[in-house]
Amino acid sequence: MSDPTHIPVWRRLDGELTTSGQPTEDDLKALSALGVEHVINLALHTHERALPDEAGSVTALGMAYTHIPVAFDAPTEGDFNRFCAAMESMAGAKVHVHCIVNARVSAFLYRYRRDVLGMAEQLARQEMESIWQPGGIWASFIGDENAVGLPHRPGKAADSEARS
């Protein structure tokens, strides 16, 4: 099966790791058909785009589910530590990580790939910056002190699309 690129802000990072914005019920079926074994959700269940019972929908499709609710205005080291523990417990499994627009996820994975997996900073950063360039609290969260005083900016892919 080909990647379900219709899912909002879909990204394939490697053969075992995919990310996106909020999937629909049908999108969850597509993830299951793709062979995803575990879904991690970093969004709040109270968001207007959240599914009514995502945990139930995911597990009914035979996938495992982990919810790490990350407040967009207040990501914490505890959130990141729970994320790292979840990722490490699923080593070798096909994992899909999502939030609402793939912003939280891309920042978490940037840090995870850089700090835990030892990926080169620029390589780890590319995927996040194709989605957004964090400012404020998120710049602090990822360790980009030069951007703390800046607002969030569109991703570099969005910038180039807007210019064309």
Side-chain angles (χ1 to χ4, degrees), residues 4 7-14 16-25 27-28 31 36-59 61 63-91 93-119 121 123-158:
I7 298 175
V9 200
W10 170 266
R11 299 291 192 274
R12 172 172 289 286
L13 301 186
D14 61 36
E16 295 164 342
L17 182 60
T18 56
T19 70
S20 73
Q22 178 64 54
T24 64
E25 295 285 347
D27 295 339
L28 293 176
L31 292 173
V36 169
E37 301 164 80
H38 201 114
V39 173
I40 299 174
N41 177 5
L42 301 183
L44 304 180
H45 282 155
T46 55
H47 192 279
E48 64 187 24
R49 287 194 246 164
L51 297 176
D53 181 17
E54 184 169 326
S57 298
V58 168
T59 56
L61 291 166
M63 298 178 287
Y65 182 77
T66 299
H67 184 225
I68 304 168
V70 177
F72 193 79
D73 61 347
T76 69
E77 287 305 303
D79 296 334
F80 183 67
N81 292 336
R82 284 187 293 283
F83 176 76
C84 290
M87 291 296 289
E88 290 169 20
S89 74
M90 294 173 247
K94 287 190 175 186
V95 177
H96 182 77
V97 188
H98 81 84
C99 55
I100 299 300
V101 296
N102 209 348
R104 291 173 182 95
V105 171
S106 63
F108 271 65
L109 280 166
Y110 162 65
R111 276 192 63 186
Y112 181 75
R113 295 167 93 197
R114 179 193 68 196
D115 300 347
V116 176
L117 300 181
M119 182 179 280
E121 195 276 336
L123 186 58
R125 194 173 184 103
Q126 284 177 341
E127 196 61 49
M128 178 185 66
E129 287 194 344
S130 77
I131 297 168
W132 72 319
Q133 297 176 65
I137 187 76
W138 282 94
S140 181
F141 178 79
I142 64 170
D144 185 354
E145 295 307 315
N146 293 328
V148 169
L150 300 174
H152 304 311
R153 286 127 16 241
K156 291 182 179 181

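- A donor-acceptor pair under 3.5 Å links the side-chain atoms of D14 to the main chain of L17, judged by distance alone.
- Of all non-hydrogen atoms in A64 and V58, the two that sit nearest each other are O-CG1, 3.5 Å.
- Taken to the nearest 0.5 Å, the CD atom of E121 stands 10.0 Å off from the CD atom of Q126.
- Contact of the V116 side chain with the M87 side chain is not registered, since no non-hydrogen atoms from C-beta on lie closer than 4.5 Å.
- R104 and D79 are not joined by a salt bridge, as no carboxylate oxygen comes within less than 4.0 angstrom of a charged side-chain nitrogen.
- You'll find the side chain of Q133 stays beyond 4.5 Å of the side chain of P154, heavy atoms only.
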Report all side-chain donor-acceptor pairs from residues 43-53 shorter than 3.5 Å, counting only partners two or more places apart or in another chain.
unit_1	atom_1	unit_2	atom_2	d
H45	NE2	Y65	OH	3.1
H47	ND1	R49	N	3.0
D53	OD1	G56	N	3.0

Could you go through the side-chain contact (heavy atoms from CB on, under 4.5 Å) check for R11 and S130 one step at a time?
CA-CA 10 Å; R11 299 291 192 274; S130 77; 3.3 Å; yes
Could you walk me through whether L31 and I7 satisfy the side-chain contact (heavy atoms from CB on, under 4.5 Å) test, starting with their C-alpha distance in whole Å, then the side-chain angles of each, then the deciding distance to 0.1 Å, before giving a yes or no?
CA-CA 10 Å; L31 292 173; I7 298 175; 4.1 Å; yes
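- Proximity of a side-chain donor or acceptor of E16 to a complementary backbone N or O of A93 within less than 3.5 Å is not detected.
- Distance alone, capped at 3.5 Å, is enough to place a donor-acceptor pair between the H152 side chain and the G135 backbone.
- Tested against M128, the residues W138, Y110, F108 include a single side chain to side chain contact (heavy atoms under 4.5 Å, CB included) partner, Y110.
- Contact check for T19 versus E127: no side-chain heavy atoms found under the 4.5 Å cut-off.
- Taken to the nearest 0.5 Å, the CG atom of L28 stands 6.5 Å off from the CG atom of L61.
- Of all the heavy atoms in A86 and I68, the pair that sits closest is CB-CD1, 4.4 Å.
- Atom NZ of residue K94 and atom CE of residue M63 lie 13.0 Å apart, to the nearest 0.5 angstrom.
- Of all non-hydrogen atoms in S106 and I131, the two that sit nearest each other are CB-CD1, 3.9 Å.
- Under the 4.5 Å side-chain criterion, counting only non-hydrogen atoms from C-beta, P134 is in contact with I142.
- Within the 3.5 Å criterion, the main-chain N or O of Y112 finds no donor-acceptor partner in the side chain of R114.
- Counting only heavy atoms from C-beta outward, the side chains of L123 and R113 never approach each other to under 4.5 Å.
- Between I137 and D73 the shortest side-chain heavy-atom distance does not fall below 4.5 Å.
- Contact check for P75 versus F80: no side-chain heavy atoms found under the 4.5 Å cut-off.
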The test is side-chain contact (heavy atoms from CB on, under 4.5 Å); show your working for R82 and T66 and say whether it passes.
CA-CA 10 Å; R82 284 187 293 283; T66 299; over 6 Å; no
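- Shortest non-hydrogen contact noted between S20 and P23 is OG-CD, 4.3 Å.
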Determine, step by step, whether L109 and F83 satisfy the side-chain contact (heavy atoms from CB on, under 4.5 Å) criterion, reporting the C-alpha distance in whole Å, the side-chain angles of both residues, the deciding distance to 0.1 Å, and the verdict.
CA-CA 9 Å; L109 280 166; F83 176 76; 3.7 Å; yes
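- Under 3.5 Å, the side chains of H96 and T18 contain a donor-acceptor pair of N or O atoms.
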